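Below you'll find the structure, written out as structure tokens, and then a few comments.
Just so you know, these numbers come straight off a predicted model, no measurement behind them.
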Amino acid sequence: MSGFRAPACGSLRTADVGREVELYGWVSRRRDHGGLIFVDLRDRWGTVQVVFNPTAAPEAHRIAESLRAEYVVRVRGAVERRPRGSENPGLATGEVEVLARELEVLSPSKALPFPVEGEQEVDEAVRLRYRYLDLRRPRMQRILELRHRVNKVTHAYFDEHGFWEVETPLLTRATPEGARDFLVPSRLHPGRFYALPQSPQQMKQLLMVAGVQRYYQIARCLRDEDLRADRAAEFTQLDLEMSFCEEEDVFEVVEGWIGRLWREILDVELPRPWPRLSMEEALLRYGTDKPDLRYGLEIADLGPALAGTRVQVFRAALDAGGVVRGLAVPGGRTMARRELDDLVALARGAGGGGLAWLPGGPLDKFLSEAEQAGIRRLTGAGPDDLVLIAADRRRRAETVMGLVRQEVARRRGLVCEGQWRFVWIYPMFLFEEDAEGNLTYGHHPFTRPFEEDLPLIDERPYEVRAHAYDVVCNGYELASGSLRIYDRAMQERVFEILGLDRQTIQSRFGPLLEAFEYGVPPHGGIAPGLDRIVMLLAGTDNIRDVIAFPKTQSMVDLMMDAPGEVDEAQLRELHIRVEPPARGERGRAR
RNA sequence: GGUCCCGUGGUGUAGCCUGGCCCAACACGCGGCCCUGUCAAGGCCGAGAACGCCGGUUCGAAUCCGGUCGGGACCGCCA
């Protein structure tokens, strides 16, 4: 039995009429007329109707009575033109049918936990539990194929541009900062651990030292951080690195690649070059480092209009070194109280104090005429518009206004669907302030500072710009990259500014620093997130949809029931003893 | 670490706000019978959930309250 060479169910056309064929596939539907039985037989290439006639083939007909949805069968029969008037124009194979002579059930199926046919919404937990059935559904099959095509175009494109794909290790070592690592215990080295790569960052830089010059890899990356709709614990990056490049070279390579994907997969021609927006401006005008440019609703800094304000919330924020930001909602004066309450809740949920609005809000009577006029001018608010205002520490006010902007656009239908607004976020800053107010890197510690900003590095480090860039489209961060430091002294200096002591530097980055002493080409690169790109191409806002076997938000594989327990013997071999979490401590009892 | 939403037969929903008419309704699916041209086939009959779980309030709870488990969205986090 080999159905491998058999014609695909979905391939049959009128040209095949008269052929005797053997078909293999799944029973998609059975229509039993008592006499005739019709079966829609499905494989990856489509569906064809098979007819069982009790007088022409009594044995096959008898077996066909037992067929149920998703049985896997082998059918032998003749391709025939359908009787006049019974063609099905909704089916690619609709002009023909297969008159069955022989039927064999290769594998029966129990009643399904949810319909594989059609596009009905099913609870995601059930889909994940039976992912192999979920993946049979037409929508998921389309996405699997789409992702395959993205990979195929990617390999072709980078090969044509002289890149080599080099594989890098999965078992590597933990990095001091960045995301939380997944660790793998070492059997041969008690008490030591490998880390799974958060990205092949150092490896690809070492490949530049190795003279590869142009490297790419479709690389799996793993980060043990909390999940989101567009974030999975294990995800795939198109990792790439180039020697002797400037950012313009990186931009050109990436724009060319994305342009080709959109052309070949969506038949869409993206305009080039893509616009650029500095990180500073993105945060100010859009309240996020990944702005969705399919709508306006730009945020304004209201500081200038409120310099002398006596309104307590604004005064307090400004005096504490914070900001007051606002945006105008077109036609927002008619906004329902309910909707405003929801926005306030959104702001609170983001850790903000709340939201003020104008006019009609509680602050109207405390704001002077001049202040109100100033706010209207800065936000560009017209007579029918409502101004939403947040006052807070800069970073939090940005987060709040960014979320408000997004929510207002969504609710009021201001998003221009069907647009692809790619933008480079460039330049970015070398350093940022973390939650505790400490200095940390903006992109990663290997990022090259602007030469002309170096004099600022000790006095005003936050003003040092970096050769770092992100690709953003429609509110998604699709790629992140930079030109790298290739000078040992400079790299050590940046590590020191970041507060790493000599010993840590030596133990974690020693090999890279040493490599920098043997002739390093200036280099840079970028790492697009393939999952998110496939999300956009597939038109979904859920990253799990584009991963064949994803985990839930709590990182559980509902199908394999991972993570699972292991034998005591296995643990002993790895020199591991488990200390169960105490009550109230983080961790789940099983 | 935090905030919010959801959890009713196999699936999708209704009922829940305004407790008793609900020993829970509808559609699809499932089982049986009838039916030789259907393709969301059709017709008739039937089975299937004490409403995630635990506890409370009440004369009475799917409906109210608390906890817990599971799923999801978001803030923090994610170089």
(message) Out of the candidates A:His523, A:His467, A:Gln491, A:His444, only one should pair with A:Arg484 under the side chain to side chain donor-acceptor pair (under 3.5 Å) rule; please name it.
(response)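 When side chain to side chain donor-acceptor pair (under 3.5 Å) is applied between A:Arg484 and each of A:His523, A:His467, A:Gln491, A:His444, only A:His444 qualifies.
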d([atom1], [X]; [atom2], [N]) in whole Å:
X        : N     : atom1 : atom2 : result
A:Lys551 : B:C78 : NZ    : P     : 21 Å
A:Arg129 : B:U11 : CZ    : C1'   : 15 Å
A:Leu403 : B:A73 : CG    : C1'   : 12 Å
A:Asn542 : B:G72 : CG    : C1'   : 9 Å
A:Asn88  : B:A40 : CG    : C1'   : 12 Å
A:Met555 : B:G71 : CE    : P     : 13 Å
A:Ile543 : B:A73 : CD1   : C1'   : 15 Å
A:Glu432 : B:G76 : CD    : P     : 12 Å

[N] to [M] separation - [atom1] atoms, rounded to the nearest Å:
N     : M     : atom1 : answer
B:A27 : B:C33 : C1'   : 23 Å
B:C74 : B:C28 : P     : 35 Å
B:G66 : B:C23 : C1'   : 27 Å
B:G55 : B:A40 : C1'   : 46 Å
B:G20 : B:U57 : C1'   : 16 Å

Any side-chain N or O of [X] less than 4.0 Å from the OP1 or OP2 oxygen of [N]?
X        : N     : answer
A:Arg544 : B:A73 : yes
A:Arg228 : B:C75 : yes
A:Arg31  : B:A41 : yes
A:Gln120 : B:C28 : no
A:Ser86  : B:C39 : no
A:Thr47  : B:C39 : no
A:Arg68  : B:G31 : yes

Within the modelled atom types, does a donor on one side and an acceptor on the other bring the side chain of [X] and the base of [N] under 3.5 Å apart?
X        : N     : answer
A:Asp123 : B:G7  : no
A:Arg231 : B:C78 : yes
A:Asp226 : B:C77 : no
A:Arg127 : B:U11 : no
A:Gln49  : B:U38 : yes
A:Glu97  : B:G37 : yes

(request) Please name the residue in the list A:Leu403, A:Val408, A:Leu355 that meets the side chain to side chain contact (heavy atoms under 4.5 Å, CB included) test with A:Leu346. (result)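 Between A:Leu346 and the candidates, side chain to side chain contact (heavy atoms under 4.5 Å, CB included) is satisfied uniquely by A:Leu403.
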(message) Taking side chain to side chain contact (heavy atoms under 4.5 Å, CB included) as the criterion, tell me which of A:Glu117, A:Arg131, A:Arg42 meets it with A:Arg136.
(response)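 It is A:Arg42, the one option of A:Glu117, A:Arg131, A:Arg42 that forms the side chain to side chain contact (heavy atoms under 4.5 Å, CB included) with A:Arg136.
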Name the nucleic acid region contacted by [X], choosing base, sugar-phosphate or nothing; use a 4.0 angstrom heavy-atom cut-off, strictly under.
X        : result
A:Arg82  : base
A:Ser480 : nothing
A:Glu87  : base
A:Pro83  : base
A:Glu117 : nothing
A:Thr399 : sugar-phosphate
A:Leu128 : nothing

(request) Would you indicate whether the side-chain heavy atoms of A:Arg532 and A:Phe235 approach each other to under 4.5 Å? (result)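 Heavy-atom side-chain distance check fails, nothing below 4.5 Å.
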Short N-O contact, [X] and [Y], less than 4.0 angstrom:
X        : Y        : value
A:Asp226 : A:Arg231 : no
A:Asp545 : A:Arg127 : yes
A:Glu119 : A:Arg137 : no

Looking only at side-chain atoms of [X], point me to the closest of [options].
X        : options             : result
A:Leu36  : B:G37, B:C39, B:G71 : B:G37
A:Ala111 : B:C30, B:A40, B:U36 : B:C30
A:Gln553 : B:G37, B:U11, B:A73 : B:A73
A:Leu558 : B:C75, B:C39, B:G71 : B:G71
A:Ala350 : B:G37, B:C75, B:G71 : B:C75
A:Val122 : B:A73, B:U36, B:G12 : B:G12
A:Ala179 : B:C78, B:C74, B:G72 : B:C78

(request) Determine, answering yes or no, if A:His33 is stacked on B:G37 under the 5.5 Å centre rule and the 30° plane rule. (result)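 It does not: the ring fails the test against the base of B:G37.
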(message) Quick check, does A:Phe38 stack with B:U38? I mean ring centres under 5.5 Å and planes off by under 30°.
(response)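 Base of B:U38: stacked against A:Phe38.
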In Watson-Crick or G-U wobble terms, both distances under 3.5 Å, what is the partner of [N]?
N     : answer
B:A73 : B:U3
B:C26 : B:G12
B:G19 : none
B:A47 : none
B:U38 : none
B:C64 : B:G56

(request) Between A:Ala69 and A:Asn53, name the one whose nearest nucleotide on RNA chain B is closer to the 5' end. (result)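 Looking at the nearest nucleotide for each, A:Ala69 comes out on the 5' side.
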(request) Specify the residue among A:Gly349 and A:Gly34 whose closest nucleotide of RNA chain B lies further upstream toward the 5′ end. (result)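 The 5'-side residue here is A:Gly34.
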(message) Applying the salt bridge (charged side-chain N to carboxylate O under 4.0 Å, His left out) criterion to A:Asp342, which one of A:Arg411, A:Arg337, A:Arg410 satisfies it?
(response)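 Testing A:Asp342 for a salt bridge (charged side-chain N to carboxylate O under 4.0 Å, His left out) against A:Arg411, A:Arg337, A:Arg410 leaves exactly one candidate, A:Arg411.
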(request) Kindly say whether A:Val472 contributes a backbone atom to a donor-acceptor pair with the side chain of A:Asp470 at under 3.5 angstrom? (result)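 A pair under 3.5 Å: no.
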(message) Between A:Gln237 and A:Ser199, is there a side-chain donor-acceptor contact under 3.5 Å, judged purely by atom types and distance?
(response)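 No.
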